[in-house]
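The structure appears right after this line, and notes come after that.
All values below were derived from every heavy atom in this structure, side-chain atoms included, with hydrogens, water molecules and symmetry-related copies excluded. Just so you know, these numbers come straight off a predicted model, no measurement behind them.
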Amino acid sequence: MSFIVSDPVAWLSSIRLHGVLEEIGLSIIIASAVGYVAHRLKQPIILAYLLAGCLLGEKLGVGLLKNPESIELISEIGLVLLLFVIGLELDLTKIMVSGRQLLVAGLGQFVVCVALGLGFFGLWGLSPSQDWLAVLYLSLLASLSSTAIVVKLLYDKFELDTLPGRLTLGILVFQDVWAILILAFQPNFQDPRIAIIGSTVLKGVVLFVVGFFVSKYLLRFVFESVAKSPEMVVTLSIGWCAAVAGVAQALGLSKEMGGLVAGFAISNFPYGIHVSAKVLPLRDFFLTLFFISLGIKIPTLEPRLVPALGGLVLFVVLSRFLSVYPLLSVAGSGRRTCFITSLNLSQVSEFSLVIAALGVNYKHINDDVMTLVLYALAITSVVSSYTIKYSQPLFVLYDRALNRIGWRQKGTEAPEVAAAGHGQHSIVLLGFHRAARAFVESLSRAGSPLLKELLVVDFNPEVLSEMRARNVAAIFGDIGSPDTLLHVHLDQARVILSTIPDMLLKGTSNLQLARVCRSLSPNARIVSVADSGAQIQDLIDAGADDVILPYDLHGDRLAEMVQTLGSEQKFDHARN
């Protein structure tokens, strides 16, 4: 019996998987394999998922999936969860206090880019179908930048806390708001009558107001009643998201907008970080399927579209320097901040893919526009992975070039680096039990300033209330979840304390906590508790710097007290 396959492609094409689970399983396997290669090559993971979809589809691949529509249907959940998480993390207060530079650039960048796009794509004929809707879509889609790609790259470079990093993130938040407005108006792009637009705005306002009041006067009490069960908090959150998304669809709005409203409505709850941390893996799973489904749709790039693709990529880069750079400059930013912030934002957003996909479904645009956006995302993402990595050397070249032509900057702008400190909460207390309570009470009695640097992570709402009464920072979260620890910025901690015995921990252990804490915060001093002497070396090997044996401490304290008492009795006896 021969196992030699003469035509591997034909053999792979002959394999037809039946059933949604099998097709999802194959999609994830291929995406994981391609994603691993992309990770090793330090390429954006989204590109890997798109490539996996290309390999699985019939247009560019071998057509292993029989019913790709089923994956596309399920992947829509990822879009709703994406907007839900954005809503959870949307903090309008921070936006309003971020300064003049952010407000000017955040409000103006999108408007200026769209105006430039209307002229560029309209007058110079880069719209494949030459109709006004295609020009509008290209202008809108090319004006949004990638939050996922930029945040990941800046995080890897430790530049999120620099001035260009903060401005970049702020502008991305503004872009998310603009994108939500696009989603709200998108169904009516073909018939943009004032009455229809007004009705859409009114429905959006009603959805937001009702969602806010329901969350404030009903959901708050429901969440508090199940707060001691972190799993139920997450389940209720996802159920709330599904309910609001359903109401939004019934009102004629997008499900994605419903997800955003649902997240924003409960963003002020103390459970926000916990919910975000738990939902992120679920969101990422469905978004993986979403990008795979987009990859399946990618057709062969026809030669006639190459000039339009080149023009689109060129516009994305130039439009950032023609919008972000002058706006920041007018607002008072220096040359380096203007240049690096513009460079950071020079790519197409994954949000643009969402809007483009919906545009195809609404029959506003044809597949040519979708193809251009897909290829532009791939190209600009790869380019950004290098330009952001080498942003400082690129700025030095740019600055020298301007100086040579006589355009010198007035004054100096020192290069910024990531904040060297460990943040306001440099001491993180994982869980709050008897030892932790004694520790906090000891600091309180001594009036220690360390209380201001302390952050308590626990899922007991009574603990959160008690900490607030003591003016100690506290966050609702499951310490057994690495995503929760990541969201509380454990990497900025100077000291990490894990004081709950293993017998009281749920879903984790001090050994696992030590490993996770060391991976997330390589430079922190980790103090862990052990139930027995046999665990000490294992905890040290896992990353703990200090290991405490509570019973040994009790014994030492008792021995000290008895010895002191014995000495006093001997002294009294000798005196008598």
Side-chain angles (χ1 to χ4, degrees), residues 42-47 50 101-102 104-106 108-117 119-121 126 138-157 159-160 162-176 178-179 308-329 333-353 355-356 372-399 401-402:
K42 298 182 179 180
Q43 299 302 315
I45 197 66
I46 291 177
L47 297 182
L50 291 173
Q101 297 175 17
L102 177 56
V104 171
Q109 174 270 328
F110 182 78
V111 176
V112 174
C113 280
V114 171
L116 292 172
F120 185 81
F121 298 117
L126 285 180
L138 285 173
S139 303
L140 294 172
L141 302 180
S143 301
L144 300 173
S145 305
S146 173
T147 301
I149 293 172
V150 172
V151 170
K152 177 67 168 60
L153 293 172
L154 292 180
Y155 178 83
D156 291 343
K157 286 190 67 182
E159 289 188 357
L160 282 174
T162 63
L163 178 57
R166 292 192 296 270
L167 289 172
T168 299
L169 291 179
I171 293 172
L172 287 170
V173 171
F174 272 101
Q175 287 186 1
D176 289 338
W178 286 114
L309 176 60
L312 176 58
V313 172
L314 180 64
F315 172 79
V316 170
V317 178
L318 291 180
S319 65
R320 301 308 187 266
F321 284 90
L322 293 175
S323 59
V324 177
Y325 195 111
L327 289 170
L328 286 177
S329 182
S333 295
R335 179 181 292 176
R336 180 179 182 275
T337 298
C338 296
F339 179 86
I340 292 183
T341 305
S342 302
L343 194 68
N344 288 345
L345 296 167
S346 298
Q347 69 285 132
V348 176
S349 172
E350 60 275 4
F351 227 139
S352 297
L353 295 182
I355 298 172
L372 289 176
V373 175
L374 285 168
Y375 277 100
L377 170 64
I379 294 172
T380 55
S381 297
V382 173
V383 172
S384 288
S385 66
Y386 295 105
T387 56
I388 293 178
K389 182 178 181 180
Y390 300 107
S391 58
Q392 180 59 27
L394 289 173
F395 168 72
V396 172
L397 294 175
Y398 169 76
D399 188 54
L402 291 187

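A distance of 4.5 Å separates CG of Leu328 from OG of Ser333, quoted to the nearest 0.5 Å. Here the OH-OG distance, from Tyr386 to Ser381, works out to 12.0 Å after rounding to the nearest 0.5 Å. Here the straight-line distance linking atom CG of Leu377 with atom CG of Leu372 works out to 12.5 Å at 0.5 Å rounding. We find the CG-CG distance between Leu172 and Leu167 to be 11.0 Å, quoted to the nearest 0.5 Å.
For Thr341 (side chain) and Cys338 (main-chain N/O), no donor-acceptor pair under 3.5 Å exists by modelled atom type. Formation of a donor-acceptor pair under 3.5 Å by the Arg320 side chain with backbone atoms of Leu345 is found in this model. Remark: side-chain polar atoms of Ser352 are paired, donor with acceptor, to backbone N or O of Leu141 under 3.5 angstrom.
Every side chain to side chain contact (heavy atoms under 4.5 Å, CB included) that Leu394 has, sequence neighbours left out, goes to Phe339, Leu343, Thr387. Remark: Thr168 pairs with Asn344 by the side-chain hydrogen bond (donor to acceptor under 3.5 Å, both in side chains) rule, at least two apart or across chains. Not counting sequence neighbours, the partners of Tyr398 by the side-chain hydrogen bond (donor to acceptor under 3.5 Å, both in side chains) test are Tyr325. Remark: Ser323 pairs with Gln109, Val112, Cys113 by the side chain to side chain contact (heavy atoms under 4.5 Å, CB included) rule, at least two apart or across chains. For Ser384, the side-chain hydrogen bond (donor to acceptor under 3.5 Å, both in side chains) partners two or more places apart in sequence, or in a different chain, are Gln347. By the side chain to side chain contact (heavy atoms under 4.5 Å, CB included) test, Val114 is found to be paired with Phe110, Leu118, Ser139, Leu140, Ser143, residues two or more places apart in sequence or in another chain being considered. Residues satisfying the side chain to side chain contact (heavy atoms under 4.5 Å, CB included) test with Val111, not counting sequence neighbours, are Trp178.
By the 4.5 Å heavy-atom criterion applied to side chains, Phe315 and Leu116 are counted as neighbours. Looking at heavy atoms from C-beta onward, Leu353 lies in side-chain contact with Leu374 at the 4.5 angstrom threshold. Val317 places none of its side-chain heavy atoms less than 4.5 Å from the side chain of Val383. The side-chain heavy atoms of Leu312 and Phe121, taken from C-beta on, include a pair separated by under 4.5 Å.
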Start with the C-alpha gap between Arg335 and Asp399, add the side-chain angles, then the distance that decides, and say whether side-chain contact (heavy atoms from CB on, under 4.5 Å) holds. CA-CA 8 Å; Arg335 179 181 292 176; Asp399 188 54; 2.6 Å; yes
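A pairwise comparison of heavy atoms in Ala105 and Ile171 identifies CB-CD1, 3.7 Å as the closest pair. Ser145 and Gln175 make their closest contact through N-OE1, 2.6 Å (heavy atoms, listed as atom of the first residue, atom of the second, distance).
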